[in-house]
Asker: 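Sharing a structure with you now.
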Protein chains: 2
Amino acid sequence: MTLTTTSYAILGQLALQPWTMYDLAAQMRRNVTFFFPRAESQVYAEPKRLVERGLATADTEATGKRARTVYSITEAGRAELARWLAEPATKPPQLEFEGLLRVMFAPYGRDEDLARTLDQVRDDIGGMLDTANRIRDEYLEGRAPFQRHVVHRAIMHDFLSSFADLVDEWAERSAARIAKWPEQSDEERLADALEVVRRKPRRTRRRPKQA
Amino acid sequence: MTLTTTSYAILGQLALQPWTMYDLAAQMRRNVTFFFPRAESQVYAEPKRLVERGLATADTEATGKRARTVYSITEAGRAELARWLAEPATKPPQLEFEGLLRVMFAPYGRDEDLARTLDQVRDDIGGMLDTANRIRDEYLEGRAPFQRHVVHRAIMHDFLSSFADLVDEWAERSAARIAKWPEQSDEERLADALEVVRRKPRRTRRRPKQA
DNA sequence: TCTATATACTCCATTTCGGAGTATGGCATT
DNA sequence: AATGCCATACTCCGAAATGGAGTATATAGA
């Protein structure tokens, strides 16, 4: 099979430095997972494919009796990464948000279920908020693991922290609104809802779609 | 096997009205795909499982020689949906954003690749922006397909249009910043990056994590 | 010394994806 | 009246990916 986006995700990490898959898996679980989640089994499987194609090399070291494999990128690997970076992305930004599905079907459940769903969303996004704040501090204090790439990482961080903020703010304001439902009339609830829909200044597609 | 979140996504749609899978697949491709994307083959496969479990019924109609199957929810299906709505979500909001991976590895490519990536992000999010604006107009003019659920749909719409705006705004401001790189010194670029990281008022986790 | 946790992976059944394939209906064009 | 094309209405299947469970050694603390 041909290389997948996951392959390039790993190849790119190897461009930064050599890694054991254990460390890389841990690293991805802490950061990359927030914008490109992969199963751990995949993280372990990919570098073997990279080695097969000559894009990486594997070196076996030992700590006592336990072996560990350190993977490094090759020149061919760097060239392939550069080639990939010049290609267009294969997929648009995608969201997978079970909580929104629950909001969609909320008319068939109880209002307190919806309140709990929104509450859980705030808990769930907490980890991302924490991570974003930790990374922010690391860069500002100049002690981030890849401080040399701060110019690019700042762009990433801008997106991820904006996203986490959005989710948290949305859940907060929505919870505040549904908390008022019990003492509101149907008309008031309706007016509130339309106000929410209306409020935003609509941002439109930059370029009209071509025929 | 047990029902998956995808099963409930379909079950919820059937609670709204009976559907043929063709119409439902088209409907999901237009809306649900933005926050819970599934392969079309899955959308066709799910209702058969629902029928097996007595949560839906299938009625075969005919248009000339061509058969079509209309699926409807049963009382047991409505009960199961209500039960599911009271459960906590199985997954946090998840993002899958190849473009951010390209930003992360941008130091190994050319600046113009990065510019093109951000440009493509804006094109890619255009569809979502269009859809959000169309839905907004439908609700404000009172002609949305599920106008009766506007109180809940407003919450969904708030999130989706905020998300699309975020992506578009982020890509726009990031592209504007990298456009200035050629005439900036390393120090200026660095100062700009740190400014981006610093700027945001940091939103923190609502409840401290429990030990 | 014992135990728990961290390191360092492998394996695999089940699910999902994504694209190709099949066939009819209905409308517009020639 | 025949033709072509797009919409309707699905089925099928190989190739990935997921999400645990399982194995074994190292190390730090009680």
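Within every chain, numbering begins at 1; the chains are lettered A, B, ... in the order of the sequence lines, protein sequences first and strands thereafter.
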Asker: Mind calculating the distance between CZ (B/Arg29) and P (D/dT8) to the nearest angstrom?
Answerer: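 About 10 Å, once rounded to whole Å.
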
Asker: Nearest-Å distance, CD (A/Glu40) to P (C/dA6)?
Answerer: 14 Å

Asker: By nearest heavy atom, map A/Ala39 and B/Lys48 onto DNA chain D; which one lands nearer the 5' end?
Answerer: B/Lys48

Asker: For B/Arg30, check side chain to side chain donor-acceptor pair (under 3.5 Å) against everything at least two apart and list the hits.
Answerer: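 Counting only residues at least two positions away or on another chain, B/Arg30 forms no side chain to side chain donor-acceptor pair (under 3.5 Å).
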
Asker: Mind checking what makes side chain to side chain donor-acceptor pair (under 3.5 Å) contact with B/Thr131, not counting sequence neighbours?
Answerer: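 For B/Thr131, no residue satisfies side chain to side chain donor-acceptor pair (under 3.5 Å) once neighbours in sequence are set aside.
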
Asker: Using whole Å, what does the distance between atom P of nucleotide C/dT10 and atom OH of A/Tyr44 come to?
Answerer: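 Distance check: A/Tyr44 OH to C/dT10 P gives 8 Å.
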
Asker: It should be established whether B/Tyr22 places a side-chain nitrogen or oxygen under 4.0 Å from OP1 or OP2 of nucleotide D/dC10.
Answerer: no

Asker: Out of curiosity, A/Leu16 CG to B/Met104 CE, how far, rounded to the nearest 0.5 Å?
Answerer: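 One gets 6.5 Å once the value is rounded to the nearest 0.5 Å.
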
Asker: Between C/dG18, C/dA8, C/dC17, which nucleotide gets closest to the side-chain atoms of B/Arg38?
Answerer: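 That would be C/dC17.
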
Asker: Flag the pair A/Arg205 and B/Asp123 as a salt bridge only when some basic side-chain nitrogen lies within less than 4.0 angstrom of an acidic carboxylate oxygen.
Answerer: no

Asker: Using whole Å, what does the distance between atom P of nucleotide C/dG18 and atom CE of B/Met28 come to?
Answerer: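 Those two atoms, CE and P, are 14 Å apart.
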
Asker: Which residues pass the side chain to side chain donor-acceptor pair (under 3.5 Å) test with B/Asp137, not counting sequence neighbours?
Answerer: A/Arg202

Asker: If you check every side-chain atom of A/Ser41, which of C/dA6, D/dA17, C/dC12 has the closest atom?
Answerer: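 Closest nucleotide among those given: C/dC12.
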
Asker: Quick check on contacts: within residues 61-73 of chain A, what sits under 4.0 Å from DNA chain D by heavy-atom distance?
Answerer: A/Thr63, A/Gly64, A/Lys65, A/Arg66

Asker: What is the nucleic acid contact for A/Pro37, judged by heavy atoms within less than 4.0 Å: base, sugar-phosphate only, or nothing?
Answerer: sugar-phosphate

Asker: For the side chain of B/Gln42, starting at C-beta, report the closest nucleotide among D/dT18, C/dC17, D/dC10.
Answerer: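 Comparing D/dT18, C/dC17, D/dC10 against the side chain of B/Gln42, the answer is C/dC17.
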
Asker: Between A/Asp59 (CG) and C/dA8 (C1'), how many Å, whole number?
Answerer: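 About 16 Å, once rounded to whole Å.
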
Asker: What integer distance in Å separates A/Trp19:CH2 from C/dT7:C1'?
Answerer: 15 Å

Asker: Rounded to whole Å, how long is the line connecting atom CZ of A/Arg30 with atom C1' of C/dA6?
Answerer: 13 Å

Asker: Donor-acceptor pairs are to be reported for all side-chain atoms of residues 87-94 of chain A against protein atoms at under 3.5 Å, with residues two or more places apart or in another chain.
Answerer:
residue : atom : partner : partner atom : Å
A/Glu87 : OE2  : A/Arg83 : NH1          : 2.8
A/Thr90 : OG1  : B/Glu98 : OE1          : 2.6

Asker: Check side chain to side chain donor-acceptor pair (under 3.5 Å) between B/Gln13 and all other residues, then give those that pass, not counting sequence neighbours.
Answerer: none

Asker: Let me know the distance between CD of B/Glu46 and C1' of D/dT11, rounded to the nearest Å.
Answerer: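 Atom CD in B/Glu46 sits about 16 Å away from atom C1' in D/dT11.
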
